[in-house]
K.L.:
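One structure follows; several queries about it will come next.
Below, read A as the first sequence line, B as the second, and so on, with proteins coming before strands; counting in each chain starts at 1.
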4 protein chains.
Amino acid sequence: MARGDRREELLDAAEGVIEEEGVAGLTIDRVAARAGVAKGTVYLYFASKEQLVGALKGRCLEQMTGMVVAALADLESGDWWGTADAVVEAVVDFDLSHRWVIAVMATESGDEESKAVYGEATQQMIGLLEAALRQGAVEGVFEVDDPETTARLLYFALEGTLHHTILYEPEVDRERLVTAAQTLIHRALGDA
Amino acid sequence: MARGDRREELLDAAEGVIEEEGVAGLTIDRVAARAGVAKGTVYLYFASKEQLVGALKGRCLEQMTGMVVAALADLESGDWWGTADAVVEAVVDFDLSHRWVIAVMATESGDEESKAVYGEATQQMIGLLEAALRQGAVEGVFEVDDPETTARLLYFALEGTLHHTILYEPEVDRERLVTAAQTLIHRALGDA
Amino acid sequence: MARGDRREELLDAAEGVIEEEGVAGLTIDRVAARAGVAKGTVYLYFASKEQLVGALKGRCLEQMTGMVVAALADLESGDWWGTADAVVEAVVDFDLSHRWVIAVMATESGDEESKAVYGEATQQMIGLLEAALRQGAVEGVFEVDDPETTARLLYFALEGTLHHTILYEPEVDRERLVTAAQTLIHRALGDA
Amino acid sequence: MARGDRREELLDAAEGVIEEEGVAGLTIDRVAARAGVAKGTVYLYFASKEQLVGALKGRCLEQMTGMVVAALADLESGDWWGTADAVVEAVVDFDLSHRWVIAVMATESGDEESKAVYGEATQQMIGLLEAALRQGAVEGVFEVDDPETTARLLYFALEGTLHHTILYEPEVDRERLVTAAQTLIHRALGDA
DNA sequence: TATGAATGAGTCTTCATTCAT
DNA sequence: TATGAATGAAGACTCATTCAT
């Protein structure tokens, strides 16, 4: 088995454990058991539990970024608002389908390195949105004074709302979430 | 010493521990030591660590609500936008000055009761914002179709941004945060 | 309230606690709560938990002895076997109606003094049986070589069976227990 | 070291602890120390203290059963009373040499499973005695109406006496105990 | 006598991490 | 690479006992 595969398997196992046992139930023991390997083996791929969690966060953000990149490809069609709405939908669905990992994202991870990794990944995500905003402005769809800050704001608005909802409101109403988020963006950017 | 005082002292001690040791470093042992009481004494006021954490969340949210209520009092002056900006500033400052407790807010707390308490307190906070939005609409300052959803959205946008920034960007730029948040609201509500 | 009354109340409370929480659930806290007094008050009547338990055992044995004394009074009627059967029945019923205290009797109570008290009370009980055996022998109902040992043996046979049954066989069949115990005595003494 | 060996070692250590510190002094800490392993190691073999205690009871009863089986083998010699006396002697000696474990047997062990195990093991022991009684009856040594009940009664008579004596009369007189128990059986079964 | 807040030693239990094989 | 038994520090929680009021 390729080294990378085993690593991915372990991360998959970790997600599975969180799904079944909650964030507090994430132990190396369970990850190993779920992946069908010995406990020691986990340490062959991750130096510590903290690094495993960091990797989990990183991978999650990467996947999300990938989805957004894909969704933003439609921007070429010229339908900015339609594309934006689709991106929102994609993000909501991603979070909902990764709801258990989402809980980890909100977790402290003392490890400075992990924090940095997470910070950079977030920044990349925001950069994507910023670019989209600039393009919308260039195309005359709307006006933005400070695309960077606006992108940050919108990203965290969306994620903040999603995180809270996922963590504290068990029965999430997807449609309502999507509509609300889309509305926020339309309003914030001044869609007439 | 009045019974309530000792309880408050313990919560203060818990906040202090989090400030110095991080959320993961919050142990009953340390809370007791910091409060200058025996370990057993903590259990005289909180049935479990989970309940202590829940109480911490509750108190924090209560204080925040209090601040917002105070800030919203200016609404009577008739200057809606000015009041809104002040509220934003108050919230930002509250979060920044309670930054260590903020980290706990994002924490899972298996305890169902605590979750419910937190959920209700959040709802109350949002209710406050909703009322303010309605008043602005009544006064003709702007138009809102769905004050409830908008209030939720704006609240989580603000808090989401603040939480992430506080947790992952050690060197927070208060001015920038305030301005960005104020801008978000103005835009979202369509301030010309 | 007379000193003795309060003491009895505390012992009653202790029995009640055992009934509801099991021997392991017997704590000074609960005894005090059940008796409606403060924890400190318990220590005004018992120097330690161990002494309270010792007193509980002692009182239980005393009550049992009282019952047996009463039952043995019928010996004067001249019906030795009938009286013996009645005594057995009385003991079985006493144990069954005090089943929760019975569990404590089987408990170690490091306190040497308590052990001694228990030992003496037991001895007194056995003395009662021994006297009954002697009387039966005198009356020519049966023959016994060693009344003292026989009394001990029969007492522990009865109590041993009862204790085990009560502790490990939740659904006790009173009739079967009574019959079996009576049979044992008749056989052991050679009733034709 | 084989897995089973370590388990046995831990049980041995537990017995040793009880011997030196009493039942109340049985702690995982001490068991580990006595076995020369880390505390965590104990939990590799027993899920909880309760299970360890249950295992202790189970093993003790198993050993006892083994001894009785061995002693009953002499039944083939045709000397029923002699064999019975030998069995009594074996049981007395077993209890005396395991006197500290005996104290645990009388202990509550909230664990339902442990109780069941203990109950079954006891039943097996009684079954052994019952078979012996039937054989004696078949051989015409004596008559028994209800071998099952009689076996139960005799078993608990023996064990009840032994438990009490061991727990409350530090200076046990082996000979006297043996003789008394043997006498009980002879009488109960009607040895002329 | 009575109170009940405070104590703190003592227990069980978990789990990240190591290391000999 | 892989294993999994062993480790032991750490933490939550209990409860008999004390003592100032």
K.L.:
Of A:G25 and B:V42, whose nearest nucleotide on DNA chain E comes first from the 5' end?
P.N.:
B:V42
K.L.:
Can you say whether a donor on the side chain of C:K49 sits under 3.5 Å from an acceptor on the base of F:dT17, or the other way round?
P.N.:
no
K.L.:
Check the distance between E:dA6's C1' and B:E9's CD and give it to me in whole angstrom.
P.N.:
13 Å
K.L.:
Are any of the side-chain heavy atoms of A:Y45 and A:Q51 separated by less than 4.5 Å?
P.N.:
no
K.L.:
Check this for me: does the side-chain of B:K39 come within 3.5 Å of the base of F:dG11 through a donor and an acceptor?
P.N.:
no
K.L.:
For the pair C:V37 and C:R6, evaluate side chain to side chain contact (heavy atoms under 4.5 Å, CB included) and give the outcome as yes or no after the intermediate values.
P.N.:
CA-CA 10 Å; C:V37 301; C:R6 175 55 60 87; 3.6 Å; yes
K.L.:
I need the CZ-P distance between A:F46 and E:dC15, as an integer number of Å.
P.N.:
19 Å
K.L.:
Verify the contact: side-chain N or O of A:Y45 to OP1 or OP2 of F:dA2, cut-off strictly under 4.0 Å; return yes or no.
P.N.:
yes
K.L.:
Can I get a per-line list of side-chain donor-acceptor pairs under 3.5 Å for residues 10-25 of chain C, giving both atom names and the distance, sequence neighbours left out?
P.N.:
from	atom 1	to	atom 2	distance (Å)
C:D12	OD1	C:R59	NH1	2.9
C:D12	OD1	C:R59	NH2	2.9
C:E15	OE2	C:R59	NH2	3.0
C:E20	OE2	C:R34	NH2	2.8

K.L.:
For C:Q51 and F:dA16, give me the distance from atom CD to atom P, rounded to whole Å.
P.N.:
15 Å
K.L.:
Rounded to the Å, how far apart are D:R30 CZ and E:dG10 P?
P.N.:
9 Å
K.L.:
Measure the spacing between CE of B:M64 and OG1 of B:T122 and express it to the nearest 0.5 Å.
P.N.:
9.0 Å
K.L.:
Is the closest side-chain heavy-atom distance between B:V31 and B:K49 below 4.5 Å?
P.N.:
no
K.L.:
Measure from CG on A:L52 to P on E:dT17 and round the result to the nearest Å.
P.N.:
10 Å
K.L.:
Closest approach to the side chain of A:T41, judged atom by atom: which nucleotide of E:dT13, E:dA5, F:dA2 is it?
P.N.:
F:dA2
K.L.:
Can you check the A:I28 CD1 to F:dA6 C1' distance for me, whole Å?
P.N.:
17 Å
K.L.:
Base, sugar-phosphate or nothing for B:L26? Non-hydrogen atoms, less than 4.0 Å.
P.N.:
sugar-phosphate
K.L.:
Could you pick out which residue, D:D29 or C:A38, lies toward the 5' side of DNA chain E when each is mapped onto its nearest nucleotide?
P.N.:
C:A38
K.L.:
About how many Å separate SG of A:C60 and CE of A:M105, when rounded to the nearest 0.5 Å?
P.N.:
4.5 Å
K.L.:
Got C:H163 and C:I166 here, is their nearest side-chain heavy-atom distance under 4.5 Å?
P.N.:
no
K.L.:
Rounded to whole Å, please give me the gap between CG in C:L10 and C1' in E:dT1.
P.N.:
13 Å
K.L.:
Side chain of D:T27 only, heavy atoms from C-beta on: which candidate in E:dG10, E:dT11, F:dG4 is closest?
P.N.:
E:dT11
K.L.:
If you pin D:V37 and B:S48 to their nearest nucleotides in DNA chain F, which one's is more 5'?
P.N.:
D:V37
K.L.:
Mind checking the C1' distance from F:dT21 to E:dT1? Whole angstroms is fine.
P.N.:
13 Å
K.L.:
Can a side chain N or O of D:R6 be found less than 4.0 Å away from OP1 or OP2 on F:dA6?
P.N.:
yes
K.L.:
For B:Y43 and F:dC15, is the shortest distance between a side-chain N/O and OP1 or OP2 below 4.0 Å?
P.N.:
no
K.L.:
Treat a base pair as Watson-Crick or G-U wobble with both distances under 3.5 Å, then lay out DNA chain E in dot-bracket form, 5' to 3', with | for cross-strand pairs.
P.N.:
.||||||||||||||||||||
K.L.:
How far does OH of A:Y43 sit from CD1 of A:I28, to the nearest 0.5 angstrom?
P.N.:
4.0 Å
